[in-house]
Amino acid sequence: MISSNDFRPGVTIELDGEVWRVVEFLHVKPGKGSAFVRTTLKSAMTGKNLERTFRAGEMVPQAVLEKSSMQHTYKDGDGYVFMDMQSYEEVTLTTNQIGSRVKYIKEGMEVNVVRWGERVIDVELPNTVVLEVIETDPGLKGDTATGGTKAAKVETGANINVPLFVNIGDRIKIDTREDTYLGREN
């Protein structure tokens, strides 16, 4: 159990059978009446936001999350098979469990799988990945004066906007949090 007075951004709590992460909190002590804590919570499972007010000192169950490092070994139909790096156990996760970041997962990549009990609630990718461009329009000489961008498809199937000088076969660094191009890799 955790007191509402101990809420900080990033703290996870159990509420209505779900895991919620505290995004914002404000401890309010009005001149008349008892103090309360106004919070903005984000669901760890669905991503929806919820504004909730707790009495000051109210006890709430704290969600115990377990994070384990796993390596993506292969794709099996709609499932992605991950191997635990300590126990060598294999776990199959669906596209829905991984979320929209599935477009950056390639074989051999290590990720952090976050579990609540036996349920997988999040898959944390590295902040940056290096992928090869497999499809893009050719850049023309002199096109870089305007600093424009073009669409490029990388080896995992993700589409990224890249500068005009990037060609097929180039290895590029991508920010997985923002879906943005960071630079070329050698």
Side-chain angles (χ1 to χ4, degrees), residues 1-28 34-131 154 156-158 160 173-180 182:
M1 298 292 270
I2 186 171
S3 169
S4 62
N5 295 334
D6 297 329
F7 283 176
R8 301 287 176 263
V11 169
T12 53
I13 61 171
E14 292 180 31
L15 196 63
D16 302 329
E18 250 185 276
V19 176
W20 296 86
R21 187 169 284 122
V22 176
V23 177
E24 294 177 353
F25 74 99
L26 179 63
H27 191 83
V28 180
S34 60
F36 58 91
V37 179
R38 186 175 295 135
T39 61
T40 301
L41 305 171
K42 183 173 187 152
S43 172
M45 297 172 199
T46 62
K48 66 181 177 181
N49 286 339
L50 169 73
E51 297 207 3
R52 185 84 180 248
T53 303
F54 297 92
R55 292 185 314 275
E58 182 178 345
M59 299 304 279
V60 181
Q62 186 169 11
V64 179
L65 302 179
E66 180 184 318
K67 190 184 287 189
S68 58
S69 178
M70 300 186 117
Q71 184 180 41
H72 174 53
T73 51
Y74 61 95
K75 187 174 180 198
D76 183 23
D78 186 38
Y80 290 79
V81 180
F82 292 88
M83 180 177 65
D84 190 313
M85 300 307 288
Q86 275 73 39
S87 66
Y88 301 109
E89 290 180 37
E90 287 190 340
V91 176
T92 302
L93 302 177
T94 64
T95 306
N96 290 341
Q97 288 175 304
I98 298 170
S100 64
R101 293 161 301 188
V102 73
K103 61 187 172 190
Y104 297 119
I105 293 180
K106 69 177 193 175
E107 289 183 8
M109 178 182 281
E110 285 194 28
V111 298
N112 288 322
V113 176
V114 181
R115 285 193 176 110
W116 175 52
E118 292 298 315
R119 192 170 174 188
V120 173
I121 61 169
D122 195 16
V123 175
E124 297 175 350
L125 294 179
N127 292 338
T128 61
V129 294
V130 177
L131 299 171
V154 294
T156 59
I160 302 293
K173 190 180 225 179
I174 301 168
D175 184 336
T176 59
R177 299 164 296 183
E178 304 287 325
D179 293 336
T180 56
L182 294 175

Engineer: Taking Q71 for the side chain and G108 for the main chain, is one N or O donor matched with an acceptor at less than 3.5 Å?
Structural biologist: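 Yes; judged by distance alone, with no hydrogens or angles, the pair exists.
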
Engineer: Side chain of T73, backbone of V81: donor and acceptor closer than 3.5 Å?
Structural biologist: yes

Engineer: So, do V111 and Y80 sit near enough that their side-chain heavy atoms are less than 4.5 Å apart?
Structural biologist: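 They are not in contact (no side-chain heavy atoms under 4.5 Å apart), so the answer is no.
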
Engineer: Hey, does the side chain of T156 reach the backbone of I105 with a donor-acceptor pair shorter than 3.5 angstrom?
Structural biologist: no

Engineer: Ignoring hydrogens, what is the shortest heavy-atom contact between A56 and H27? Give both atom names and the distance.
Structural biologist: CB-CE1, 4.0 Å

Engineer: Looking at every non-hydrogen atom in both residues, tell me the closest pair between S4 and G57 and how far apart they are.
Structural biologist: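 Shortest heavy-atom contact: OG-N, 3.1 Å.
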
Engineer: Evaluate whether atom CZ of R119 has more than 12 neighbouring non-hydrogen atoms of other residues, nucleotides or ligands under 6.0 angstrom away.
Structural biologist: no

Engineer: So which of V11, L41, L65 actually passes side-chain contact (heavy atoms from CB on, under 4.5 Å) with R21?
Structural biologist: L65

Engineer: Find out whether V154 and Y104 are in side-chain contact, i.e. whether some heavy atom of one side chain is under 4.5 Å from a heavy atom of the other.
Structural biologist: no

Engineer: Taking C-beta and beyond as the side chain, do V91 and R115 meet within less than 4.5 Å on heavy atoms?
Structural biologist: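 The answer is yes; the side chains approach within 4.5 Å.
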
Engineer: Using a 3.5 Å distance criterion without hydrogens, assess whether the side chain of T128 forms a donor-acceptor pair with backbone atoms of I174.
Structural biologist: no

Engineer: From Q62 CD over to I13 CD1, what is the distance, rounded to the nearest 0.5 angstrom?
Structural biologist: 9.5 Å

Engineer: What's the spacing between R52 CZ and D16 CG if we round to 0.5 Å?
Structural biologist: 5.5 Å

Engineer: For K42, does the NZ atom have more than 12 heavy-atom neighbours from other residues, nucleotides or ligands under 6.0 Å away?
Structural biologist: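 No, not enclosed.
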
Engineer: How close do V120 and V123 get, counting heavy atoms only, and between which atoms?
Structural biologist: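 Smallest interatomic distance, heavy atoms only, reads CG1-CG2, 4.5 Å.
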
Engineer: Rounded to the nearest 0.5 Å, how far apart are CG of D76 and CD of E90?
Structural biologist: 9.5 Å

Engineer: Could you tell me if the side chain of N112 sits less than 4.5 Å from the side chain of K67, heavy atoms only?
Structural biologist: yes

Engineer: Side chain to side chain donor-acceptor pair (under 3.5 Å) between D78 and T94: does it pass, once the steps are laid out?
Structural biologist: CA-CA 6 Å; D78 186 38; T94 64; 5.7 Å; no

Engineer: To the closest 0.5 Å, what do you measure between CZ (F54) and CG (N5)?
Structural biologist: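 One gets 12.0 Å once the value is rounded to the nearest 0.5 Å.
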
Engineer: Search all heavy atoms of K106 against all heavy atoms of L131 and return the closest pair with its distance.
Structural biologist: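 Scanning both residues, the minimum pair turns out to be CD-CD2, 3.6 Å.
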
Engineer: Testing E110, H72, M109 one by one against F82 for a side-chain contact (heavy atoms from CB on, under 4.5 Å), which residue passes?
Structural biologist: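 That would be H72; it is the only one of E110, H72, M109 passing the side-chain contact (heavy atoms from CB on, under 4.5 Å) with F82.
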
Engineer: Minimum heavy-atom separation for D179 and I160, please, with both atom names.
Structural biologist: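 That closest heavy-atom pairing would be O-CD1, 4.2 Å.
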
Engineer: So, for E14 and V60, which heavy atoms are closest and what is the spacing to 0.1 Å?
Structural biologist: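 Residues E14 and V60, closest heavy atoms: O-CG1, 3.9 Å.
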
Engineer: Determine whether F7 and E24 make a side-chain contact, defined as any pair of heavy atoms from C-beta on separated by less than 4.5 Å.
Structural biologist: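 No, side chains not in contact.
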
Engineer: Donor-acceptor pair, W116 side chain versus I121 backbone, under 3.5 Å?
Structural biologist: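 Not at all, since once roles are kept as given, no pair shorter than 3.5 Å links the two residues.
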
Engineer: Kindly say whether M85 contributes a backbone atom to a donor-acceptor pair with the side chain of S69 at under 3.5 angstrom?
Structural biologist: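 Looks like no, no N/O pair under 3.5 Å.
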
Engineer: Nearest 0.5 Å please: distance from the CE atom of M83 over to the CD atom of E89.
Structural biologist: 11.5 Å

Engineer: Which distance, rounded to the nearest 0.5 Å, do you find between the OG1 of T176 and the CD of E124?
Structural biologist: 10.5 Å

